[in-house]
**Student:** 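Below is one structure. I have some questions about it.
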Amino acid sequence: MLKIHNTLKREKQEFKPIKPGQVSMYVCGMTVYDYCHLGHARVMVVFDMVYRWLKVSGYEVTYVRNITDIDDKIIRRAGENGESIHSLTQRFIDAMHEDADRLGVQRPDHEPRATQFVPEMLNMIERLEENGLAYQAADMDVNFAVRKFPDYGRLSGKSLEDLRAGERVEVDANKHDPLDFVLWKHARSGEPEEVQWDSKWGKGRPGWHIECSAMSSRLLGEHFDIHGGGADLQFPHHENEIAQSEGANRCRFVNYWMHNGFVRVDNEKMSKSLGNFFTIREVLGKYDPEVVRFFILRAHYRSPLNYSDAHLDDAKDALSRLYTALKNCSGHCEVDWNEPFALRFKAAMDDDFNTPEAVAVLFELANEVNKGQAAAAQLKALGGVLGLLERDAVAFLQGGNGGAGDDAISARIQARNEAKKAKNYAEADRIRKELLDEGIVLEDSAQGTTWRRA
RNA sequence: GGUGCGUUAGCAAAGCGGUUAUGCCCCGGAUUGCAAAUCCGGUCAGCCCAGUUCGACUCUGGGACGCACCUCCA
């Protein structure tokens, strides 16, 4: 039985879906004004793993991951580029899909864009106003009145007093409370037509938080099972989502909140503002996408994950061990869930998606394979549950970063084999050394000589 | 200042009140023409201080250090 760590309670809880056999899941996705970095890769891979495991567990899952395609940074970037909002966001949505595909991330069932749900957002703001939770300020912005929502702070475990003590909240004379947040941003002079929508409060555009409330309730219902995202979204974004959704719909919003840990660089959070980020495509220029995926999944999703080339190298060597065990295994394989390793794998995954433990089972299985061979199909099948080990093993091992072409390698292997046959070991070793210097490792076996990239 | 999380062997990273985590690296052996891969074995842990317990890496309390959130951020 699946247990999920619920941020709301800060403990693992048995997962019980609202509708038996069905799971509704919403994950906060990207603001598309730039390429995705490794932090984004982690959210995508982690919740892809969750999505896959729920499906393997027999649930019918509806997975929604939104796209924020309207916000201050997008408007600014488009202005800098002299490009339309739509052209900018479309470019980076395409790039995001490219990155996600390479990482083996399955497409969510819905990827709603904020700009396509403005009427739903306006409707929700109107209901908040009716419920006394929203007000239009002197500057014409429509704000959420945090003081009117008694549960505010429940998710992040903060009280309004704690939050104010931080003194980091900007004082805005237009707001009833400094923590009130914008639902509808009144059009500023100089902003392009493209970012203005009509509303009963005047022309303007939605605040950041309202899109997730409006789109989730439209696509999944007012009350759904799982809501996920990066740990940095816990406050204020998810806190505000709860306030908006429960304030407008007058019912429980989400049962299970999941937050993944950060990717770090030199022990510091990787982020745009710190400028210490690596884009996914940058990293994929140096490492195989599956190595990156493996790197993410070998750590628990809630733990911090330090990025460095040394760690990626380590991940590559480890993944190679698994693929080496699968050299003679090809085709699609089905998991035998009655077998002991699979049961341990399942127990690990059911324990709050403990992928490090599940991966450890994979390695133990690889050891069995290397001793016998019978377990190969099971290893491949279980890897597949995590979106790993699905490629041809030899292709993976020979993948690498280019270098000598396959034909040239085969020719030299043949020359070496002839030298070996003639007992000219000096020549044979010379060829081996020559290939090794190019990053090609030769492996002799009873079945002949094979090669892989170091 | 407030709040939360973390500190495991050379590196990475899990579970668990008493029994080998796992991977990479390293050492020895087997295997090999030599290698590589693989197998077998080995070295190397639990920030500090108290407490609970027959027994704690695992529970409790205190301390130190690190990270994060309180502003946009996955």
Side-chain angles (χ1 to χ4, degrees), chain A residues 7 10 27-31 36-47 65 68 71-73 153 156-170 178-179 208 228-237 239 259-264 267-274 277 294-295 298-300 302-306 308 310-322 324-325 327 344 347-348 351 354-364 366-367 369-372 397 420 423-426 428-429 432-433 436 440-446 449-452 454:
Chain A
T7 308
R10 289 168 207 288
V27 171
C28 288
M30 262 55 74
T31 301
C36 291
H37 64 235
L38 231 41
H40 301 120
R42 191 174 191 189
V43 191
M44 292 197 282
V45 169
V46 160
F47 286 100
R65 190 185 61 213
T68 300
D71 98 316
D72 289 350
K73 291 186 289 292
S156 49
K158 299 172 192 298
S159 69
L160 286 169
E161 286 64 37
D162 291 344
L163 288 163
R164 303 184 75 168
E167 291 178 18
R168 295 175 69 181
V169 183
E170 248 177 77
L179 289 162
W208 173 39
D232 45 1
L233 296 184
Q234 202 173 306
F235 189 92
H237 184 56
E239 197 72 70
H259 292 96
N260 66 273
F262 300 127
V263 175
R264 294 181 183 176
N267 239 32
E268 259 188 340
K269 176 185 174 184
M270 178 183 288
S271 75
K272 292 258 166 147
S273 38
L274 286 171
F277 62 90
F294 177 80
F295 167 69
R298 82 199 293 222
H300 187 84
R302 284 189 282 114
S303 302
L305 179 61
N306 259 308
S308 75
H311 296 159
L312 267 289
D313 288 337
D314 186 80
K316 175 181 180 266
D317 290 340
L319 184 59
S320 296
R321 175 174 165 79
L322 295 179
T324 300
K327 269 170 103 172
R344 285 176 53 208
D351 182 15
N354 191 338
T355 54
E357 186 72 36
V359 166
V361 172
L362 258 31
F363 281 100
E364 290 179 41
N367 181 251
V369 174
N370 290 332
K371 282 192 281 194
L397 295 168
K420 273 174 67 181
K423 303 245 189 256
N424 184 355
Y425 292 121
D429 290 348
R432 178 207 294 291
K433 176 73 166 51
L436 188 60
I440 308 296
V441 180
L442 298 188
E443 297 179 347
D444 295 331
S445 77
T449 301
T450 58
W451 65 273
R452 65 183 168 86

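Per chain, numbering begins at 1; letters A, B, ... match sequence-line order. The analysis underlying the following values was restricted to heavy atoms, covering all of them including side chains, and did not include hydrogens, waters or symmetry mates.
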**Student:** Could you report the tightest heavy-atom contact between A/A299 and A/L305, atom names first, then the distance?
**Tutor:**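 Reported closest heavy-atom pair: CB-CD1, 3.8 Å.
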
**Student:** Which whole number of Å gives the distance between the P atom of B/A36 and that of B/C27?
**Tutor:**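 One P to the other, the span is 11 Å.
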
**Student:** Report the secondary structure of RNA chain B in dot-bracket form, marking unpaired bases with a dot and bases paired to a different strand with |, and treating Watson-Crick or G-U pairs with both distances under 3.5 Å as paired.
**Tutor:** (((((((..(((.....[...))).(((((.......)))))....(((((..]....))))))))))))....

**Student:** Along nucleotides 29-39 of chain B, 5' to 3', which nucleotides get a B, which get an S, and which get a -, given that the test is a protein heavy-atom distance under 4.0 Å?
**Tutor:** ----BBBBSSS

**Student:** For A/A360, report the nucleic acid contact type (base, sugar-phosphate, nothing); a contact means any heavy atom under 4.0 Å.
**Tutor:**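 It contacts base atoms.
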
**Student:** In whole Å, what separates the C1' atom of B/C59 from that of B/U53?
**Tutor:**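 To the nearest whole Å, 10 Å.
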
**Student:** Between A/E357 and A/F294, which is nearer to the 5' end of RNA chain B once each is assigned its nearest nucleotide?
**Tutor:**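 The 5'-side residue here is A/E357.
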
**Student:** Could you check which of B/A13, B/A68, B/A21 has an atom nearest any side-chain atom of A/F262?
**Tutor:**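 When the side chain of A/F262 is considered, B/A68 is the closest of B/A13, B/A68, B/A21.
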
**Student:** Any base atoms under 4.0 Å from A/N267, or only sugar-phosphate, or nothing? Heavy atoms, all strands.
**Tutor:**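 The residue A/N267 makes sugar-phosphate contact but no base contact.
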
**Student:** Thinking salt bridges, do A/R344 and A/E364 make one under a 4.0 Å N-O criterion?
**Tutor:**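 Yes.
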
**Student:** With rounding to whole Å, what would you report as the distance between B/G28 and B/G46 at their C1' atoms?
**Tutor:**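 The answer is 27 Å between these two C1' atoms.
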
**Student:** For a quick check of understanding: with a heavy-atom distance under 4.0 Å over all strands, which category does A/V263 fall into, base, sugar-phosphate or nothing?
**Tutor:**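 Result for A/V263 = base.
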
**Student:** Counting any heavy atom closer than 4.0 Å, what does A/H37 reach on the DNA or RNA strands: base, sugar-phosphate only, or nothing?
**Tutor:**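 The answer is base, as A/H37 lies within the cut-off (heavy atoms under 4.0 Å) of a base atom.
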
**Student:** By nearest atom, which of the nucleotides B/C24, B/A74, B/C69 is closest to the A/K269 side chain?
**Tutor:**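 Selected nucleotide (nearest to the side chain): B/C69.
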
**Student:** For B/C73 and B/C69, measure between their P atoms and round to the nearest Å.
**Tutor:**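 Going atom to atom, P in each nucleotide, I get 11 Å.
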
**Student:** From the options B/U3, B/G23, B/A14, select the nucleotide whose nearest atom is closest to the side chain of A/D162.
**Tutor:**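 The listed nucleotide nearest to A/D162's side chain is B/U3.
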
**Student:** Look at the side-chain N and O atoms of A/S156 and state whether any lies under 4.0 Å from the OP1 or OP2 oxygen of B/G4.
**Tutor:**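 No.
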
**Student:** Taking the side chain from A/E239 and the backbone from A/S156, do they hold a donor-acceptor pair closer than 3.5 Å?
**Tutor:**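 Yes; at least one donor-acceptor contact below 3.5 Å.
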
**Student:** Looking only at side-chain atoms of A/F235, point me to the closest of B/C69, B/A13, B/G23.
**Tutor:**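 The nucleotide sitting nearest to the side chain is B/C69.
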
**Student:** Taking the P atom of each, how far is B/C34 from B/G42, in whole Å?
**Tutor:**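 One P to the other, the span is 26 Å.
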
**Student:** Taking the side chain of A/N354 as heavy atoms from C-beta outward, which of B/G15, B/C73, B/C70 is closest to it?
**Tutor:**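 Taking heavy atoms from C-beta onward, the closest nucleotide is B/G15.
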
**Student:** Where the side chain of A/R10 is defined as all heavy atoms beyond and including C-beta, which of B/U22, B/G4, B/C70 is the nearest nucleotide?
**Tutor:**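 Nearest to the side-chain atoms of A/R10, counting from C-beta on, is B/G4.
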
**Student:** Do A/R65 and A/F47 pass the side-chain contact (heavy atoms from CB on, under 4.5 Å) test, and can you show the C-alpha distance, the side-chain angles, and the key distance before you say yes or no?
**Tutor:** CA-CA 10 Å; A/R65 190 185 61 213; A/F47 286 100; over 6 Å; no

**Student:** Using atom C1' in both nucleotides, what's the gap between B/G18 and B/C11 to the nearest angstrom?
**Tutor:**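 Straight-line distance between the two C1' atoms is 29 Å.
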
**Student:** For A/A299 and for A/D232, find the nucleotide of RNA chain B with the closest heavy atom, then tell me which residue's nucleotide is more 5'.
**Tutor:**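 The residue whose closest nucleotide sits nearer the 5' end is A/A299.
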
**Student:** When we call it a touch if two heavy atoms are under 4.0 Å apart, what does A/G29 touch: a base, just sugar-phosphate, or nothing?
**Tutor:**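 Sugar-phosphate: the residue A/G29, judged by heavy atoms under 4.0 Å, touches backbone atoms but no base.
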
**Student:** Base, sugar-phosphate or nothing for A/G230? Non-hydrogen atoms, less than 4.0 Å.
**Tutor:**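 Sugar-phosphate contact only.
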
**Student:** Could you check whether A/K272 gets within reach of a base, just the sugar-phosphate, or nothing at all, counting any heavy atom under 4.0 Å?
**Tutor:**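 The residue A/K272 makes no contact with any strand.
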
**Student:** If I pick the C1' atom on B/U22 and the same atom on B/U3, what distance separates them, to the nearest angstrom?
**Tutor:**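 It comes out at 35 Å once rounded to the nearest Å.
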
**Student:** Measuring only the C1' atom in each nucleotide, how far is B/C44 from B/G51? A whole number of Å is fine.
**Tutor:**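 Pairwise C1' distance, B/C44 against B/G51, rounds to 30 Å.
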
**Student:** Round to a whole Å and report the spacing from CG of A/D317 to C1' of B/C24.
**Tutor:**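 Spelled out: CG on A/D317 to C1' on B/C24 is 6 Å.
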
**Student:** Using a heavy-atom cut-off of under 4.0 Å over every strand shown, decide if A/M44 touches base, sugar-phosphate, or nothing.
**Tutor:**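 No contact.
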
**Student:** Any donor and acceptor pair, going by atom type alone, linking the side chain of A/N370 with main-chain N or O of A/A366 inside 3.5 Å?
**Tutor:**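 Checking the backbone N and O of A/A366 against the side chain of A/N370, a donor-acceptor pair under 3.5 Å is found.
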
**Student:** Touch check for A/R264, heavy atoms < 4.0 angstrom, all strands: base, sugar-phosphate only, or nothing?
**Tutor:**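 Sugar-phosphate, backbone atoms only, no base.
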
